[in-house]
Each structure stands twice: as structure tokens, then as C-alpha cells.
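Step one of this worksheet: look at the structure below.
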2 protein chains.
Amino acid sequence: MEEKGKVTIREVAKRAGVSITTVSRVLNGHDIEHMRPETKARVLAAIAELDYVPVRVAQRLRRQKTQVIAVLLPDISNPFFSLLARGVGSVAFEAGYSTLICDSNHSVEKESRYLDILLAEQVEGVVFIPVGQPMMDKVDRLLRRGISIVVADRRVNGLPSVEADNKAGSYQLTEYLLHRGYGRIAYIAGPREVSTARDRLVGFRAAMADANLEPMAVLYGNFTYESGYENARTILQKHVGVDAIMAANDLMAIGAIRAGEDLGLSVPMDVGMTGFDHISLLEFVEPQLTTVHIPAYQMGQEAMKLFLKRAEKGASVEQENQVLETKLIYGKSC
Amino acid sequence: MEEKGKVTIREVAKRAGVSITTVSRVLNGHDIEHMRPETKARVLAAIAELDYVPVRVAQRLRRQKTQVIAVLLPDISNPFFSLLARGVGSVAFEAGYSTLICDSNHSVEKESRYLDILLAEQVEGVVFIPVGQPMMDKVDRLLRRGISIVVADRRVNGLPSVEADNKAGSYQLTEYLLHRGYGRIAYIAGPREVSTARDRLVGFRAAMADANLEPMAVLYGNFTYESGYENARTILQKHVGVDAIMAANDLMAIGAIRAGEDLGLSVPMDVGMTGFDHISLLEFVEPQLTTVHIPAYQMGQEAMKLFLKRAEKGASVEQENQVLETKLIYGKSC
DNA sequence: TTGAAAGCGCTAACAG
DNA sequence: CTGTTAGCGCTTTCAA
């Protein structure tokens, strides 16, 4: 803690009276057993005295690996995604990786710009939650350069992924709703281009078909509160006799609840409602929503683990699509 | 797009039939006006054909600047912080900086570990939202190495900062409450070691004093929903005659509302409530909370701008503490 | 058990 | 107008 300017491995070596090679070795715990303990001690002392910290950038250039992974997601201020990012970060941290979070702000264009940046940044991998269908040329470009990509919360053709079992979860939820005696059900789906949304719809349709029922209506929203509100309004005004509305995520379900209230309907008395995701703000919403828990944090962890696994096994492990279990959450909304 | 392995500036030079210097120059737009257009064209062509992307790590090592700034915050899944981080990121992105988000998970120890990491990462600056009172030795270590630190949403002795005018906002809010006819007010404060919480309390006390009133009670929470719930419960049970509860943030206010409900009290009929922050989930809470808007996104932007300003003006601009205006949000909770 | 030296990919004097 | 060259700070053969 004496020098003013940058302290490099050079000064440490000088101070310890050894070569920089030796310093490097103790830094990386290399030949450390074949080293005279006294030498090691001297180096350690010098490091401490000078408060030396190895410059990561130089290590990266030399080692030709950055130990950086990126999380590319649509919106970091969405608690679902940030929880997922946290999951990635926790595993990454333990494994000595730094995490770069890139927020595409729901813009395909920005997403694609980030893909370019990540290429230049030489990240080793990216946990990717695409806005919609990602630009496969960009993706291929990264892959060709040896950057592995793991898709989270979605499926993309040809890429490994980690997602929840949306189909099963949706089936189960629908089944529960039917058990409760509802049967004239309308569905507010998510965007067609998002696999997650499609799966939930498929699960819903399957459960209905298995009960010999027809949906009263299927409308498409975009996962926002507003689109839930608007679509629910439409449903409740046009389709008389609807006794329940299922939304493909919680945010839309909350919108639907408010729409119902604004039309003077009470949930669940007049109409049942369900969501999907189990986001934490449900805690604050009345009535308590019946929904399906998606393990966002765990999903992030698994995505990172998947990357780690591929990294050590050599690039081409057989393509893997991991599916996490969901859990039905019983509320008071149906 | 022909080569398989890494393509470096060397191959580009070879392909274009020029020296690597020339390639570097067109890359950085340097002597570009003094360059024969044809040469430039050849280089550009080679870059395109080879799909060459400069390796950031090498640039950083050579330039001795990383163009990376970090945001060190307590919890990325808290929408307030992630919004702030987004603000930082937006300005950083425009300025050509990459953003590293570090989540200290409310742990002073992890925060301190991150400070070490950021040192090694050679980030150029950090936007810092400390968990409590930060470890000043670590902080000094970064400063000594030329890494500038801007504190956000808080004040720390000796560091530049950007925060909201919590005192004024709190004063104004209290004043409004008094105007509405409330007067027997209890206050749920935030942690004593957080300047933001202290300022809000001070503003509250000042407004009360100016109205010749005494608080019915002042309890301390930790900014969580649960602590709001518990403290409100205590207040409502012990201090009969309280006609309003002010909480130092929205989350605690929501907890207070629920506590009131659970005790059979209606808001605002039986007891008024106020929050602070204007977090987005208030949209989903009944009754609509009266609160104070804190411009989180803008705060992030300003913090990054402050860093940029200091970066160009040379390190030692006089220390600056920027204060952003707040805005009263009228709800139905009082 | 330790050191000398090459070089990761790039930029910036300094020369022509 | 363009090229030669010397590193940035570190790791890693290869030799001793």
C-alpha cells in the first residue's frame, strides 16, 4: 500500500526478489507444491505490502477466456426476469464468472445490437431470453465464434434451453378450474411468437378438450396489465355467460380482475380468474390469485449450470432442453 | 465470413494489403481524412468479408481504459433499484460504456467482495447504492486507484451523490396530511443508518413541529412489507386515537394497510396512510396510496452523467451532491 | 525449484 | 498517406 501508481506483477516480483513467473505461479496456485515455502512467503508478503491486484483485462487477453457470461433479457425491471438474472448470477459468481446484464427493452433491434456487442466482448456464453423470434443469423454468428447460448424461459429451434413445463402447468390449472365447477371459460393468451405463451394455450386447450368443452373465446394479449384489462373488458361485454377468464400470465390476470370490478362484477362470485407465473406482487393484490408458480430463480441457476456443463464437456454435448416443474398455487380468485 | 478460426486485425491487414496500423486507423476513425479513399475502401471491404470484430479485451489492455462502469446495488429484483440501473445503463450505452450490475443481496460482506472484484475488473466508475454504511477502506482503495464512485439514492460522507429531496418531499407530504385534517400521526421510519430514511423522518418531524404537533409514535422498520405490517399492528393496538400512519416507503405502507384491514379498520375512513417512492406496483394496490414520487430512472441517468462529467473534467471536480425533485402523488388512502 | 522470453490483439508514437 | 515498432500486464512453454 505504498506505491501511488498502478502496481503490476513486475513491482511485486522486484520487491520479492523473484521473477514475474514466480509471482504468476503463486497467483494461480500452479507449481506451488514444488516451490520453496520461503519463496512463496516472500511473494505473498510483497503482494500484501503493495496491495497488488492482478489486472483482469490482461489475464483475459493472455488466457483467451474472459470468464464473463451475459444475460440478455427484455426488461430488467420486470421482477420475473430480474429474479432469473439473479439465479444466473449466483451460480456464475460461485464459478468465478462475472455477469453482464443486457436489457433489450423489448426491442428486437436493441437485442440484435447487444448480440453484436457480446461478440466483441468475447463473453463465453449468453443466457438468452429473446423478445420474440431471435435473429438467427446473429445467433449463428456467436455460435460460430464459440460462444454458447442457452435460452431461458423459452424454446428456440436448435438451441439448448431451460424452461418451465408450461403445458403441464396450464393443463393442471385448467383442470382445477373445471373441478371447481367452472366451464364457460375464456382465455387471454400471450403473443403467438413466444413459445411459453403457445405452450400455455396448448395446455389449456388440451384440458378443455379432455373435458369435452369448448373455450368461449381465445383472445391474444401481450403480457401487459393493460392488454389484460382491455381483453377482459371485451370478453365480459361480448360473451355473456362466461363464468371464468384465464390469463396467460399474472399481469394480464390482474388487469382482468380490475376490468371485472370496473364492470361491477365480483371475483370469484360473478366470474373466476386465474393467472400464471406467481410473481411476487400478487402478495399485494386482492383477491388472492390462483396461479401457477414458475421457478424463475431456479431457472436462472439451471441455465447457468447448463452452460457450465457444456463448457467443461466440450462444446457439443447433445442439445439439451431442460424442463422445470411448475406448482399450482391456490388463491381465492376461483 | 470465410475463415473459421479467430480473425484478428492481422488477417484483415493481409487481406486488404495494408499494415495493421492502417486497419486500426479506419477502425478508430483516426487519420481517416488523410487516407486515400481507396485504401479505406479496401480495408472496409476486408473487414466485411472476414466479418471482423475488434477484440474489446485487447483494446482495453492497450488503451488502459475499460469503458465499463458498474452498478453496485442491494437487490436487482427490487423494481426501484432495477429502474435506477436501467437509467444508468441507458446513458452508459449512449456513451459507449458497458454496464456491470452487481447485486450485493443486502449483504455488507458481499458488497465488500464486489468492491474488490470491481477493482480487479478495472471498471472506470461505480454507481453505488450501499446497503448501509459502506466500508470506507474499500472505497478509498478504489478511489486511490482512480476509480470514481457516485453514490445514488443515498449520501455518503466524502463521496459525490445523486438523491431525491427526501426531506422536502416528506415535509410536503406531511403538510398535505395535516391539511386533510389528520393530526394524530404515527410514523414508521426506515433503518437509521440509511440517509434516505433519516431525511424522510426529519422532513416529517419538521412539518409536525411547524404545526405545533407531536408525533404519536415513531417506530423503526427495515423497508420491507413485513416490517410495515408488524409495526402498523403495534401502533394500531397500542396507540388508540392514531388517525394516520405514515410509512417511510411504499412497501411498508402496503403492509400497514393490510395490518389495518386485518384489525377491521378501513383506510382512509378509520385511519389514513401514506407511503413514499411511488413504486409501480401501487397500480395494483387498493386503496390507491398517497405517496411521493422518486424519479428512480432519472436518478440513474443523472448518476451516470455525473460520472461522465467528472471523467472528462479530470478527476477532481469539486464534490457534488445532486438533489432531484420529488412529486406528491394524490391517492385515496388519506 | 526458478527464470527468460514469446506473445495474446490491439494502439500510438515515430519514421518515412 | 502509410508502415515499423514497442509495449499494455499477464501466462506459459522451454531451459536451466
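Chain identifiers are assigned alphabetically (A, B, ...) following the order of the sequence lines, protein sequences preceding nucleic acid strands; residue numbering begins at 1 within each chain.
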### Message
A side-chain contact here means heavy atoms from C-beta on lying under 4.5 Å apart; do B:R56 and A:Q122 qualify?
### Response
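No, too far: nothing below the 4.5 Å cut-off.
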### Query
Around A:N157, counting heavy atoms of other residues, nucleotides and ligands shown, do more than 12 lie under 6.0 Å from its CG?
no
### Query
Are there more than 12 heavy atoms of other residues, nucleotides or ligands under 6.0 Å from atom CE of A:M135?
no
### Task
With B:Q322 as reference, evaluate B:K305, B:E302, B:E163 under the side chain to side chain donor-acceptor pair (under 3.5 Å) test and give the passing residue.
B:E302
### Message
Please determine whether salt bridge (Lys or Arg N to Asp or Glu O under 4.0 Å) holds for the pair B:D137 and B:R144, giving the CA-CA distance in whole Å, both sets of side-chain angles, and the decisive distance to 0.1 Å.
### Response
CA-CA 10 Å; B:D137 49 334; B:R144 216 175 308 126; over 6 Å; no
### Query
Which is it for A:S112 and A:E109 under the side-chain hydrogen bond (donor to acceptor under 3.5 Å, both in side chains) test, yes or no, and what are the steps along the way?
CA-CA 5 Å; A:S112 139; A:E109 201 231 328; over 6 Å; no
### Query
What string of B, S and - do you get for nucleotides 8-16 of chain D 5' to 3' if you count protein non-hydrogen atoms under 4.0 Å?
BBBBB----
### Query
Any side-chain N or O of A:T22 under 4.0 Å from OP1/OP2 of C:dT2?
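It does not, given that no N or O in the side chain of A:T22 lies less than 4.0 Å from OP1 or OP2 of C:dT2.
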### Task
Over all heavy atoms of both residues, which pair between B:S104 and B:K110 is shortest? Give the atoms and the distance, please.
O-CB, 3.6 Å
### Query
How far does the helix from C:dT1-D:dA16 to C:dG16-D:dC1 bend, going by the axes of its first and last five pairs, to the nearest 10°?
40°
#### Entry: Euclidean distance, A:S77 OG relative to A:D103 CG, rounded to 0.5 Å
7.0 Å
